[in-house]
Structures are given as C-alpha cells and as structure tokens.
Protein chains: 2
Amino acid sequence: MCFFLLSSPVPQLSHRCALTLPCCAEAGGATCAKAPQVTGVTVQLEMHTLWQQFDQLGTEMIVTKAGRRMFPTFQVSISGMDPAAEYVLLMDFIPVDDKRYRYAFHSSSWLVAGRADVAAPGRMHFHPDSPARGSQWMKQMVSFDALKLTNNLLDDNGHMILNSMHRYQPRFHVVYVDPRRDSQLHAHRNFCTFSFPETRFIAVTAYQNHRITQLKIASNPFAKGFRTTDPDAW
Amino acid sequence: MCFFLLSSPVPQLSHRCALTLPCCAEAGGATCAKAPQVTGVTVQLEMHTLWQQFDQLGTEMIVTKAGRRMFPTFQVSISGMDPAAEYVLLMDFIPVDDKRYRYAFHSSSWLVAGRADVAAPGRMHFHPDSPARGSQWMKQMVSFDALKLTNNLLDDNGHMILNSMHRYQPRFHVVYVDPRRDSQLHAHRNFCTFSFPETRFIAVTAYQNHRITQLKIASNPFAKGFRTTDPDAW
DNA sequence: GTTTTAACACCTAGGTGTTAAGCT
DNA sequence: AGCTTAACACCTAGGTGTTAAAAC
C-alpha cells in the first residue's frame, strides 16, 4: 500500500518558477530511472494566482470531524502522458516541519508553540476517476474537489487526517499502471511526484488570521452570504 | 462498440416471479455458452414495490431537451460475481413494440396512435464506476441515478435518446472484462442481460395520467413542494 | 487561555411538477 | 387539438463562515 516515501523532505522550490513542474522536479535533477510513461509528464497548478494570494497571507485550511473541503481546490492541468497508458492520480499531505504552531493575535503572526504532536495517519487520496488513460486525464483540468480534511484520528470516511495547528505540504502523484509485470516490484519506477510550495497551509479548526477569512469569503462562491463589499474588487 | 443486439426481443417474464433474475434469464433456458465469470451472476431490482405501483398505473417518464432523470431510479443489488474479476455495468432502452401512443383523457387510457416514429439512436449508458471488480459491485446497491433521458435526437451530453409517446423496456447488462484475450472477439460470451418487465414505461414530454403525477409527487423527495396530503399515507 | 464543537443562517447546485406560451 | 418548450417556485443536498457553548 505505502509505496511512496511519506517521510521524504519537502522540496524547496522558489515561488516564481513553480508555475509548471516537470516530472521528478523534486528530485533536484538527480538520477531518475523512471518508466518512459512518466518521465515526460508535466503538471501545471490551476488557480495559481489565488493560491499565491493565500500563500502570501499564510494559508489556513479548516479541519472538522466530519471532513472539510479545501479552498482553493487543488486542481491541475496535465500534459506529456502516454495517451493510451493507464494512470492513477492521487494526493497526500506531508508535514512541512516538526513543529506545532499558535497564532498571536496581537502581532497577527504565527509562532512556534513546541514540537509536533504525534503524526496523524498518513493516507492517500485517490482521484475518483482513477484509473484512467492518459488521454482522459489530459483532456481537461483534473480537480480534487472531493478531497476532505479532518482532524478525527479515527475517521472512517477515507478523509485526509491532519493535526490542527500543524503545517502541511500537499503532494500530487502520477502513477503509471504497468499491465505487463508485477506492479508492486516496479512501483518505484512507475510514478512521479509534484509539490507546489504555494499550496502549503496550516490546518486549523477555526480561522486565526482575519485576512485569510476575508479572502476566503471574497473568493469562495459558497461563502457569498458573508460578503459585504463588491466581489469584483478582488 | 455495439456488441449487444439492440433489436433483440423483449423477454416476456411474469411479474410475480421477476424479483430476482438469474443470468441469461431472458434466453429462456436456451443454450448459454457464457464465460464462468458471468454465468452465476444474479440481479435483484431495488424499490421493487414502488416500481410495481407505477407499473400498475402505466409508468410514464419525462424526457426533456436537457435530459431528465428517471424516477423511480433504476437500482439493483448484485451477487454471484467473481469478486476479483473486473466488470463493466451498463444500461440501454429498447422499444417494447413498433407503436406510437396517445393518451385518451376521457377514458384515462393509452391508445395506439399509429406506427412508431423512426427509432432514436440506440445508446449505452455505462455506470460511472465502470470498470470495477466484482467485490466492489456486490458491496452495496448499484444506482443509475446519473442516467438521464432526452428527446433531443442531436443530444451531445451522452444522455439516452428516446421518442416521446413510445414505450420502452430498460435493460441492464453485466460485462466481464476479459484481460487475457481480445475482448472484441469473445464479447458475446462475456456478458449477460437482465430485463425487469415492471420497469417498462412510456416516454412523455408532460405527464398524461394524473394518477402517475400524484404517485411521483408522493414518492419523489424532489417533488415534496407539491404534496398536499400526508406523505406517510403512501 | 486556547482550541474545538455543534447549531445556524445563507449560499451554490441541481432535481421536481406547474404553468403559460409556442409549435405543428 | 395534441404535443413540446422554457421560465418558475419549491424542494433536496450539501458547502460556507459565524457564533456561543463546550472541552481541555
């Protein structure tokens, strides 16, 4: 099941060149003996400008017992797949560091509040259309809008379990489904991973930074009921 | 693509014993050289009582240009699949006869109004979870609630195209995805078909029989706004 | 004190039959 | 006259931040 290294370090890519990531970008140009079906894969993060706006304020994502969607939604455009080959697309979340945070309202900033709590169960979220052919994945934007975040360590709904007040980096994985051989043995060659630094966030049970709240209200259609100003101003 | 005989006759099974259909039920006990993955498959129609209530009045299903869901929804429970084998589940609709109908309001009954119009394009509706393993299909009820009916001959949304004022029999197909050989050549052995006579209906652009309208309002949650009497009376 | 929970009003998104107008 | 269409009010279903109370 766990054929990815959950403990692998978070890549340190600059914001400005992260619009498009070639396969194995996080490996930093190291040796990359990947299957040909994944070597050419390129992934572009959608809603990049919105993600940047949140990232500049310090993105917060609500976690609830029942599960809460992410906003912005993680959406990507993919190219360079083998149109006829089958792929599985999935996401996971890895801790950015070993710290617990708290928000200082008087200074409107996040402070380190100690060592991280025990790590939440590291789950994978398979895109519901998986598996599908490359042609299908490349046809239009791939959206992970069914993905939900929870702080319930005993969650039984397949949601992604995160610790509140901890910082996370979403990761996106493209896995080639090799029909010819035992996929378990060659899995390490048949996938590649993409990390977009601007999608990092701190999990919270209630918003801390009021500017994050305002940007969510301004940009999320489901929060329209809380808008007071002109929505086009954003 | 069209590996089913769209023009095959509608099976004439009695209402009373149609609760559960074994594979190849429509073949009437004839020779049935099917693959072992489909021979043992059994399908049970859900909401059977509701379907019978509608059938006794003469079920009508709305067709619209944009596409309209069926109510009751076609839902089945499946058993007897090979849990590890992959199956595709799909539906189609075949004309019950070669006639066009009209409703006589004064006698509250359907009359034959001539020969059928030119047949609408015969489409297949693949269940969106297809393909999936037998274990997945048997885990819980399979619902075709995404299926929509349209009278637009030029429909480009993948909906099922039907002629209004014509009578149809929904059919349900279980197709075993054979990984070993050319599935095209052996397709005739790898599927079986189920027809439930109580799911027959006449396609309409507006309800004709007022008792059908009342039963829809009473039993469809989305029509609750039109209820006047106690819903528990049904 | 800080963090979490649950009920809530207010939205989006889309499935109902109704109705009046339009079509043939 | 028979049939179809489109706008509509009224639902279901579920995604928002708010708020006050609860939990720790």
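Note that this is a predicted model, so its numbers are computed, not measured. Throughout, a chain's letter reflects where its sequence line sits, starting with A, and its residues are numbered from 1.
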Novice: Would you classify A:R68 as touching base, sugar-phosphate or nothing, given that sugar-phosphate means primed atoms plus P, OP1 and OP2, and contacts are heavy atoms under 4.0 Å?
Specialist: base
Novice: Is A:K216 positioned over the aromatic face of A:F222, cation under 6.0 angstrom from the ring centre and no more than 45 degrees off axis?
Specialist: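 Cation-pi check for A:K216 and A:F222: fails.
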Novice: Would you kindly compare A:I217 and B:A223 by the position of their nearest DNA chain D nucleotide and give the one closer to the 5′ end?
Specialist: B:A223
Novice: Considering heavy-atom distances to DNA chain D, does B:K224 or B:Y101 have its closest nucleotide positioned more toward the 5' end?
Specialist: B:Y101
Novice: Identify whether any heavy atom of B:T205 sits under 4.0 Å from a base atom; if not, whether one sits that close to sugar-phosphate; answer base, sugar-phosphate or nothing.
Specialist: base
Novice: To the nearest 0.5 angstrom, please state how far the CG atom of A:D55 sits from the OG1 atom of A:T199.
Specialist: 8.0 Å
Novice: Between B:K65 and B:D155, does any NZ, NE, NH1 or NH2 come within less than 4.0 Å of an OD or OE carboxylate oxygen?
Specialist: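 Looking at B:D155 and B:K65, the cut-off is not met.
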Novice: Starting at NZ of A:K65 and ending at P of D:dA23, how long is that distance when rounded to a whole Å?
Specialist: 12 Å
Novice: I'd like to check the side chain to side chain contact (heavy atoms under 4.5 Å, CB included) partners of A:T73; sequence neighbours left out, ordered by chain and number.
Specialist: A:Q75, A:S143, A:D145
Novice: Would B:W51 and B:F201 count as a side chain to side chain contact (heavy atoms under 4.5 Å, CB included) if you check the C-alpha gap in whole Å, the side-chain angles of each, and the deciding distance to 0.1 Å?
Specialist: CA-CA 10 Å; B:W51 275 107; B:F201 62 86; 5.6 Å; no
Novice: B:R102 CZ to D:dC3 C1': how many Å, rounded?
Specialist: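 Distance, rounded to whole Å: 12 Å.
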Novice: Walk along DNA chain C from 5' to 3' and tell me the first and last nucleotide with an atom closer than 4.0 Å to a non-hydrogen atom of chain B.
Specialist: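 Listed 5' to 3', the contact boundaries are C:dG14 to C:dT18.
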Novice: Between A:S219 (side chain only) and A:L215 (backbone N and O only), is there a donor and an acceptor less than 3.5 Å apart?
Specialist: yes
Novice: Look at B:T64 and D:dT5 and indicate whether a side-chain polar atom (N or O) is within less than 4.0 Å of OP1 or OP2.
Specialist: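 No, because none of the side-chain N or O atoms of B:T64 sits under 4.0 Å from OP1 or OP2 of D:dT5.
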